[in-house]
Amino acid sequence: MARIPLGCEPVIGSLVPSKKRDYRVTNRLQEGKRPLYAVVFNFIDSRYFNVFATVGGNRVTVYQCLEGGVIAVLQSYVDEDKDESFYTVTWACNRDGSPFVVAGGINGIIRVIDAGHEKIDKSFVGHGDSVNEIRTQPLKPSLVVSASKDESVRLWNVHTGVCILIFAGAGGHRNEVLSVDFHPSDMYRIASCGMDNTVKIWSMKEFWPSVEKSFTWTDLPSKFPTKYVQFPVFIASVHSNYVDCNRWLGDFVLSKSVDNEIVLWEPRTKDQSPGEGTVDILQKYPVPECDIWFIKFSCDFHYNAAAIGNREGKIFVWELQTSPPSLIARLSHAQSKSPIRQTAMSFDGSTILSCCEDGTIWRWDAVSSSSSSSSSQV
């Protein structure tokens, strides 16, 4: 862990809610008996901003958020292997613009589901162990990246089924990779983190011809000349324990470990020595009782706010663009006691979903200050 010079200490947010926005529970669904590990809104296609997907056990379910707190089930996909346990889900898109749901889990197989036609479009086989997270490139939603227990990160093209790049090797992760994210504006950069306590930033710039080649590939996906990216451009030791979620905030990185906080930091790379550099820790967002691993936070489309659950079923909503950090709301409900594995914030942040270890989905909606009740704040 790097020592922080005097006067450069990170700004730590207060746990007193600003009450800028109040939320109340508008729905609670019991999806099943098995834990739900992921929930995600579709930010890829503006027609489906109110549509979300969940995964738990061998099931992927697609829902729609309607007015008045209503949640409508649109479709459900059950994997043929009853022992499959999906851990992650993301949205991508087909050549014709129809939505794909991409899910992976304990079996290491990534399923690309054509939600428009309710069928499996293809399966990606390549990871040697379970898949912990899949994310979609927002500027090219036909590209997805997966993080695996096999210590690798892989880049895939959902149109051609090709595995383009494998981020692993000499400079790669030394334990399970738990989270991965595409940079919002730099096409070439991704960040990954995992059980080796590090966050690694990778560049695809010199491998971009392979990415372009993947779009026109017509032969068998297995014959594609997949390239290895062995060395990250930056390695950060921001945390002293497992890092299970990282997201870009512009050129900054938000990451969380099992130490009850999300950390915002700036990577300062040294051009002359790839992989080396310094970390400037800017802010910390406390999250009490968030000391078990595999709890992931989410942001609204414009990254104005982040929502994260904890092991006691509470949700903390942090404003991201303020300094010092401002806690927008702390949400709790007497019946929400199970660990929240992931949250999903809607496009504008007015709806927050949480998926829980006990198989429940909770929906919270923002209320106007005049009609807000104190029951949703603790």
*Between the side chain of Asp196 and the main-chain N/O of Arg174, is any donor-acceptor distance below 3.5 Å?*
yes
In this structure, CD1 of Ile44 is separated from SG of Cys93 (nearest 0.5 Å) by 7.0 Å
Report task. Report yes or no: does Trp248 contribute a side-chain atom to a donor-acceptor pair with the main-chain N or O of Asp181 at less than 3.5 Å? Result -> yes
Taken to the nearest 0.5 Å, the spacing of Thr54 OG1 from Leu353 CG works out to 9.5 Å
Ring pair (Phe, Tyr, Trp, His ring centres under 6.0 Å) filter on Trp217, not counting sequence neighbours, yields Phe224
_Ignoring hydrogens and geometry beyond distance, is a side-chain donor-acceptor pair present between Glu357 and Ser338 at under 3.5 Å?_
no
task: Ignoring hydrogens and angles, tell me if any N or O in the side chain of Asp150 forms a donor-acceptor pair with the backbone of Gly128 under 3.5 Å.
output: yes
Rounding to 0.5 Å, atoms OG (Ser336) and CD1 (Ile315) come to a distance of 6.5 Å
- Query: Is there a donor in the side chain of Ser323 and an acceptor in the side chain of Gln283, or the other way round, less than 3.5 Å apart?
  - Reply: yes
Does Glu176 use its side chain to pair, donor to acceptor, with the backbone of Leu178 at less than 3.5 Å? no
Residues joined to Phe316 in its hydrophobic cluster, side chain to side chain under 4.5 Å directly or through other members, sorted by chain and number, are Leu15, Leu249, Phe252, Leu254, Ile262, Leu264, Leu282, Tyr285, Val287, Ile292, Ile295, Phe297, Tyr303, Ile308, Trp318, Leu320, Leu327
Heavy-atom closest pair (Pro10 atom, Lys284 atom, distance to 0.1 Å) is CG-CE, 3.9 Å
Evaluate the side-chain proximity of Lys140 to Met187: yes if any heavy-atom separation is below 4.5 Å, no if none is.
yes
Requested in this report: Determine the interplanar angle of the Phe301 and Phe347 rings, folded into 0 to 90°, and report it as parallel if under 30°, tilted if 30 to 60°, perpendicular if over 60°.
Outcome: parallel
- Query: In terms of side-chain geometry, is the basic nitrogen of Arg59 or Glu84 positioned less than 4.0 Å from the acidic oxygen of its partner?
  - Reply: no
For Val55 and Tyr87, the nearest pair of non-hydrogen atoms, with its separation, is CG2-C, 3.9 Å
Discussion item. Taking Trp91 as the starting point, is it possible to reach Ile361 by hopping between hydrophobic residues whose side chains are less than 4.5 Å apart?
Written reply: no
(message) Asn58 vs Arg34, test: side-chain contact (heavy atoms from CB on, under 4.5 Å). Steps then yes/no.
(response) CA-CA 9 Å; Asn58 64 338; Arg34 296 171 78 169; 3.9 Å; yes
Under 4.0 Å between a Lys/Arg side-chain N and an Asp/Glu carboxylate O for Asp291 and Arg311? yes
Lys122 atom NZ, neighbour heavy-atom count above 12 within 6.0 Å = yes
Quiz prompt | His173 side chain vs Asn175 backbone, donor-acceptor pair below 3.5 Å | solution = no
Check: Thr136/Thr90 side-chain N/O donor and acceptor closer than 3.5 Å: yes
TODO: Check whether the side chains of His183 and Asp251 place a donor and an acceptor atom closer than 3.5 Å, and report yes or no.
DONE: yes
Gln30, CD: over 12 other non-hydrogen atoms inside 6.0 angstrom
yes
Salt bridge present between Lys314 and Glu289 (N-O < 4.0 angstrom): no
Using a 4.5 Å cut-off on heavy atoms from C-beta on, say whether the side chain of Leu74 contacts that of Val51. yes
request  = Say whether Tyr48 and Asn50, considering side chains only, have a donor N or O and an acceptor N or O under 3.5 Å apart.
outcome  = no
Next on the checklist: Would Lys200 and Phe231 count as a cation-pi pair here, with the cationic atom under 6.0 angstrom from the ring centre and within 45° of the axis?
Outcome noted: no
Looking only at heavy atoms, the pair that brings Ser257 and His239 closest together is CB-ND1, 3.4 Å
- Message: For the residue pair Asn246 / Ser255, report whether a side-chain donor-acceptor contact shorter than 3.5 Å exists.
- Response: no
Note: Asp244 and Lys296 closest approach over all heavy atoms is O-NZ, 2.8 Å
ask   = Is the closest basic N to carboxylate O distance between Glu133 and Arg135 below 4.0 Å?
value = no
Check your understanding: Side-chain contact, heavy-atom cut-off 4.5 Å: Phe100 with Asp121?
Key -> yes
Between the CG atom in Asp79 and the CG atom in Asp81, the distance rounded to the nearest 0.5 Å is 6.0 Å
Rounded to the nearest 0.5 Å, the OG atom of Ser98 sits from the NE2 atom of His117 at a distance of 6.0 Å
**Message:** Can you see whether Ser354 engages Thr343 through a side-chain donor-acceptor pair at a distance of less than 3.5 angstrom?
**Reply:** no
Rounded to the nearest 0.5 Å, the CG atom of Asn94 sits from the CG atom of Asp114 at a distance of 5.5 Å
When every non-hydrogen atom of Val243 is compared with those of Cys193, the smallest separation belongs to O-SG, 3.4 Å
When you measure from the side chain of Asn107 to the backbone N and O of Ile109, does any donor-acceptor pair fall under 3.5 Å? no
query: Aromatic rings Phe49 and Phe43: how do their planes relate, parallel, tilted or perpendicular, breaks at 30° and 60°?
result: perpendicular
Criterion side-chain contact (heavy atoms from CB on, under 4.5 Å) on Phe182 and Met204, from CA distance to verdict: CA-CA 11 Å; Phe182 285 102; Met204 297 183 264; 4.1 Å; yes
Determine whether the side chains of Trp208 and Ser210 contain a donor N or O and an acceptor N or O closer than 3.5 Å. no
task = Could you go through the salt bridge (charged side-chain N to carboxylate O under 4.0 Å, His left out) check for Lys20 and Glu319 one step at a time?
result = CA-CA 10 Å; Lys20 275 192 180 172; Glu319 201 167 348; 3.0 Å; yes
Open item on the list: Looking only at the side chains, is there a donor atom on one of Ser146 and His127 sitting less than 3.5 Å from an acceptor on the other?
Closed with: yes
For Lys82, does the NZ atom sit with more than 12 other heavy atoms under 6.0 Å from it, leaving out its own atoms?
no
With no hydrogens and no angle check, is any side-chain donor or acceptor of Asn197 less than 3.5 Å from a backbone partner on Tyr242? yes
Can you confirm whether the side chains of Ser203 and Arg189 place a donor and an acceptor under 3.5 Å from each other?
no
Would you check if there is a donor-acceptor pair between the side chains of Glu31 and Tyr63 at a distance under 3.5 Å?
yes
Exactly one of Phe167, Phe234, Tyr228, Tyr188 clears ring-ring contact (aromatic ring centres under 6.0 Å, His included) with Trp202, and that residue is Phe167
Is a donor from one side chain sitting under 3.5 angstrom from an acceptor on the other, for Ser85 and Asp83?
no
Next on the checklist: If only side-chain N and O atoms count, and only distance matters, is there a donor-acceptor pair under 3.5 Å linking Asp365 with Thr351?
Outcome noted: yes
Review point. Within the side chain of Arg341, is there an N or O that forms a donor-acceptor pair under 3.5 Å with the backbone of Phe294?
Key: yes
**Asked** Hey, does the side chain of Gln137 reach the backbone of Leu139 with a donor-acceptor pair shorter than 3.5 angstrom?
**Response** yes
Residue pairs meeting ring pair (Phe, Tyr, Trp, His ring centres under 6.0 Å), one or both in residues 145-166, sequence neighbours left out, come to Phe124-Trp156
Hey, quick one: are Val102 and Ile113 part of the same hydrophobic cluster, counting side-chain heavy atoms closer than 4.5 Å, chains of contacts allowed? no
Quiz item: Is the closest side-chain heavy-atom distance between Ile340 and Asn310 below 4.5 Å?
Solution: no
- Is the closest side-chain heavy-atom distance between Val89 and Ile134 below 4.5 Å? no
**Prompt:** Are the side chain of Asp300 and the backbone N or O of Asn304 linked by a donor-acceptor pair below 3.5 Å?
**Reply:** yes
